[in-house]
Amino acid sequence: MNSFWAKSDGETIIQHTSELLQNYALLKSLYPTIPVNWSLLEQACQYHDLGKINANFQQKVQQNKRQIAGEIPHALLSVTLLPVEKLRTVYSISELQALYYSIALHHERDFSAVEDDLENYKLEIEKLKEPAGKFEFEKIGLEPIDIGKIKKVTKRYFSIGTRINSEKEFFQTYVMLKGLLNRIDYAASGHYPVEYPANFLTKNLNRIVEKWRQNDPDANWNDMQQFAYQNQAENLVIIGQTGLGKTEAGLRWIGDQKGFFTLPLKAAINAIYDRIGATVTDDITKEVGLLHSDSLAVLMKEDAKKVEEYDRIAHYLTETKSWSLPLTVTTLDQTFDFVYHYPGFELKLATFAYSKIVIDEIQMYSPDLLAYLIKGLKEIQDFGGKFLIMTATLPTYLLDLFNENGLEFKMNTQPFLDGKLAVRHNVEVVHRTLSAQDIIPHNENNQVLVICNTVKAAQTIFSELEVELPDVEINLLHSRFIRNDRQQKEKAIMDFANEKTRKGIWVATQVVEASLDIDFDLLITELSELNGLFQRMGRCYRKRALASEQPNVYVFDGGEGPTNGISRTDTAVVHRDIFELSKKALQTVSGNLSEKEKMTLIAKTYTTQNMAKTEYYHEITHMIRYLKDTENDGVSKKEVQKLFRNIQTQQVIPQSIWEEHQLEITQAIETLQKSYQDLTKQEKIELKRQKQQQRIKLENLMVTIPQYQVLTAQKNSQLTTYQINDYERLFILDCDYDVKIGAVPRKAKSILEDNFF
């Protein structure tokens, strides 16, 4: 037997291809209705790596070398082995073009050197005849190749250096082939299933109702949750009041299909993940994935013993990142970056073609992210995927933008309301800037939640309250705590809100605004804008009807000026135009404010007519046009990640944390700088595990700040950079840190003075 290697560990092409075919069969059995030509996909799986039989590749992998002089990317050789004359009797020209491009581009290699030396390419093709005569094609379900017909591919099917864009007639066929080939290939290489069965949500959700009925025989899903379930085959937009169970509605809509649940904040994602894991899963490691930039640290945070289980958790995270689990709870930047059509985007769009995507808290996204969302949903819809947008407050201008951009959806005729909780809030609008003195008279209330627009404002009020109310429990939560402390505080605020006998004050920023299931007795907040305000109000009397005629919500609108964080700059918490519309709308609000009245205010305020006059609206429409114009420009994935500017952040270590933990930080850096060279396979695995553990240790000491603040800090000489290796850097920010108040400025012009929350 002639053993042709596919990997440097000795795995053969036949072994690797056989594993691809097993995953192909698994995918087809679990999701037979995927809109892909299954026969073509099988051909792609069988032929994608056959170019590796060439002598240069075999020498490289068997001698564990990085590169061989004159080597041609194996994918360019694989396509020359396709039996084109036979295939032409079965498939159309466009189908063959999709097949050729999906194989040739499945690794996204740089082909410029090949274009500059086509004679060498032809020579390497000719040399394929000798190994092709020895390869056992029948072991991967193929007939022996007629070596006399191995020749350069004509431009009719494939042209080196070209990209496939949405203007090509075979674009959708190609995206599905290449995207699923990538999924199957990665799964085979990682030795995990390309998909797990999506068969747990419906039965486990029904168990919840069965438990309810043990105490109440008439218990059932509410109208909103029933609407979602009855329209599982539709794209939906659902408007329902806070606390009505939108998470369960979204899960019922997904049902026993592949699903993605997206949220804007990691704290909310972690809470939903924990909630799903505790209620509707039998084995979370095969059913639900957690995917955001801190996933590994979150998964390892609760139990110190999990450090010893790193390999198991890392494998679970690999499967999550590969989208193998039936349900993934994630962020927009992990999913919707495909809208730029960077090389490799096909994997995500092909997966979305047979998936159901829930978009929760859409009102929290910035103009550019809303544009990504609209563009992405349109493509998902065109490819056969489904979406559900859920929110308590949906501006009417967004509905108009959905329609203008071709989104097709079904919507409830009236917002879903809970008759028992029709009125939860009595509101007093206060026409001045919020201060600690405004909070002190309310400290006798059981549980008070104060929400500020910026970290700086929250820190200031917290510090003043600590001085004025030394005997009151006061806590602070915002985004500028190191990860260790922030995770503890997120848990602490949940515990506090659940213990109704405890009294105290929590001062926070927008980080508590969405999806955290907390219920305070009194809310005191700065005005941001109406959507944000009503989301904040959902953290007070969340599941309780109004109990008295006294205000339980105080909204400070800034008086003659704006509140903190309001401006017309890109770094504003809320754009000034949107703030002014909201402030004007609140002029009529005083006393009881029903859920229906909230939704009416949103509808009347955020009309297309009103919004069209704002820079905010023009940013959305401009970005949508920009995305349509640039989707075929060949932008790289790395550049795309930079373009997601409003969700791109940088982790930094505050200077005082660096000084306090310098020894363990130095030891972590030393581990990260160790080389894999000359190590055995097992030693490499162990070093990789150690490095990841050290990364987590470092990240637990880091604060997250926006990318633009990193640039400002560098300009102001407030950032020290340590180069760990060719791929990793460590940033030390010139600021102090306190476990109670988080990162604080050292200099008067510190970047931490900026509006960020």
Side-chain angles (χ1 to χ4, degrees), residues 263 265-275 277-278 290 292-307 309 313 329 331 447-452 455 458-459 461-463 465-466 472-520 539 649 651-654 656-661 664-665 668 693-705 733 735-744 752 756-757:
L263 291 147
L265 299 175
K266 285 185 283 189
I269 290 171
N270 297 339
I272 292 291
Y273 174 78
D274 290 342
R275 186 173 164 192
L290 176 71
H292 56 65
S293 58
D294 290 340
S295 296
L296 183 57
V298 171
L299 293 170
M300 297 181 71
K301 73 179 180 181
E302 295 178 354
D303 186 352
K305 292 181 181 178
K306 284 185 177 179
V307 175
E309 300 172 9
I313 295 173
V329 188
T331 51
Q447 297 182 334
V448 180
L449 178 63
V450 179
I451 303 182
C452 302
V455 172
Q459 289 173 327
I461 285 178
F462 169 80
S463 299
L465 287 175
E466 273 210 313
V472 177
E473 179 183 352
I474 304 173
N475 292 283
L476 177 65
L477 174 60
H478 54 69
S479 60
R480 287 210 203 109
F481 286 100
I482 62 174
R483 187 163 67 187
N484 259 348
D485 294 339
R486 179 166 171 177
Q487 289 175 350
Q488 292 174 12
K489 287 176 178 291
E490 287 170 358
K491 183 178 185 302
I493 193 172
M494 299 281 285
D495 293 341
F496 176 87
N498 288 331
E499 297 176 23
K500 288 305 176 185
T501 58
R502 290 175 66 179
K503 292 185 178 182
I505 300 171
W506 272 83
V507 183
T509 58
Q510 181 224 24
V511 296
V512 301
E513 188 174 302
S515 293
L516 289 184
D517 194 4
I518 54 177
D519 183 6
F520 279 71
R539 310 310 121 186
T649 55
Q651 292 181 307
V652 301
I653 296 179
S656 57
I657 293 291
W658 163 265
E659 293 164 359
E660 182 181 350
H661 298 272
E664 62 182 289
I665 292 173
Q693 290 174 354
Q694 295 303 324
R695 287 190 186 95
I696 291 173
K697 284 184 179 179
L698 289 178
E699 290 168 0
N700 283 339
L701 300 175
M702 292 180 179
V703 167
T704 300
I705 64 174
L733 181 65
C735 68
D736 285 319
Y737 184 84
D738 182 274
V739 69
K740 285 187 175 182
I741 62 175
V744 292
L752 296 183
F756 178 62
F757 57 99

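Residues passing the side chain to side chain donor-acceptor pair (under 3.5 Å) test with Glu664 are His661, sequence neighbours excluded. For Glu660, the side chain to side chain contact (heavy atoms under 4.5 Å, CB included) test picks out Ile657, with sequence neighbours left out. Applying the ring pair (Phe, Tyr, Trp, His ring centres under 6.0 Å) rule to Phe481 yields the partners His478; only residues at least two apart in sequence or on another chain are considered. With sequence neighbours excluded, no residue satisfies side chain to side chain donor-acceptor pair (under 3.5 Å) with Asn498. Shown here are the salt bridge (charged side-chain N to carboxylate O under 4.0 Å, His left out) partners of Lys500, two or more places apart in sequence or in another chain: there are none. Contacts of Asp738 classified as salt bridge (charged side-chain N to carboxylate O under 4.0 Å, His left out), with partners at least two apart in sequence or in another chain: none. Every residue meeting the side chain to side chain contact (heavy atoms under 4.5 Å, CB included) condition with Val739, not counting sequence neighbours, appears here in chain and number order: Asp485. For Lys697, the salt bridge (charged side-chain N to carboxylate O under 4.0 Å, His left out) test picks out no residue, with sequence neighbours left out. Qualifying side chain to side chain contact (heavy atoms under 4.5 Å, CB included) partners for Gln651, counting only residues two or more places apart in sequence or in other chains: Asp294, Arg483, Glu699, Met702, Thr704. Take Ser656 and apply the side chain to side chain donor-acceptor pair (under 3.5 Å) test, not counting sequence neighbours, and it matches no residue. For Lys503, there are no salt bridge (charged side-chain N to carboxylate O under 4.0 Å, His left out) partners, not counting sequence neighbours. Scanning for side chain to side chain donor-acceptor pair (under 3.5 Å) contacts around Glu466 gives Lys740, with sequence neighbours left out.
Using a 4.5 Å cut-off on side-chain heavy atoms (C-beta onward), Leu733 and Val703 make no contact. Val298 is not listed as a side-chain neighbour of Lys266, based on a closest heavy-atom distance of 4.5 Å or more. Contact of the Ile493 side chain with the Asn475 side chain is not registered, since no non-hydrogen atoms from C-beta on lie closer than 4.5 Å. With a 4.5 Å cut-off on side-chain heavy atoms, Ile482 and Asn700 do not count as touching. Using a 4.5 Å cut-off on side-chain heavy atoms (C-beta onward), Ser479 and Arg486 make contact. Between Gln510 and Ile451, every side-chain heavy-atom pair lies at or beyond the 4.5 Å cut-off.
Between the Gln447 side chain and the Trp506 main chain, no donor and acceptor come within less than 3.5 Å of each other.
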Apply side-chain contact (heavy atoms from CB on, under 4.5 Å) to Tyr273 and Leu299, showing your working. CA-CA 11 Å; Tyr273 174 78; Leu299 293 170; 3.6 Å; yes

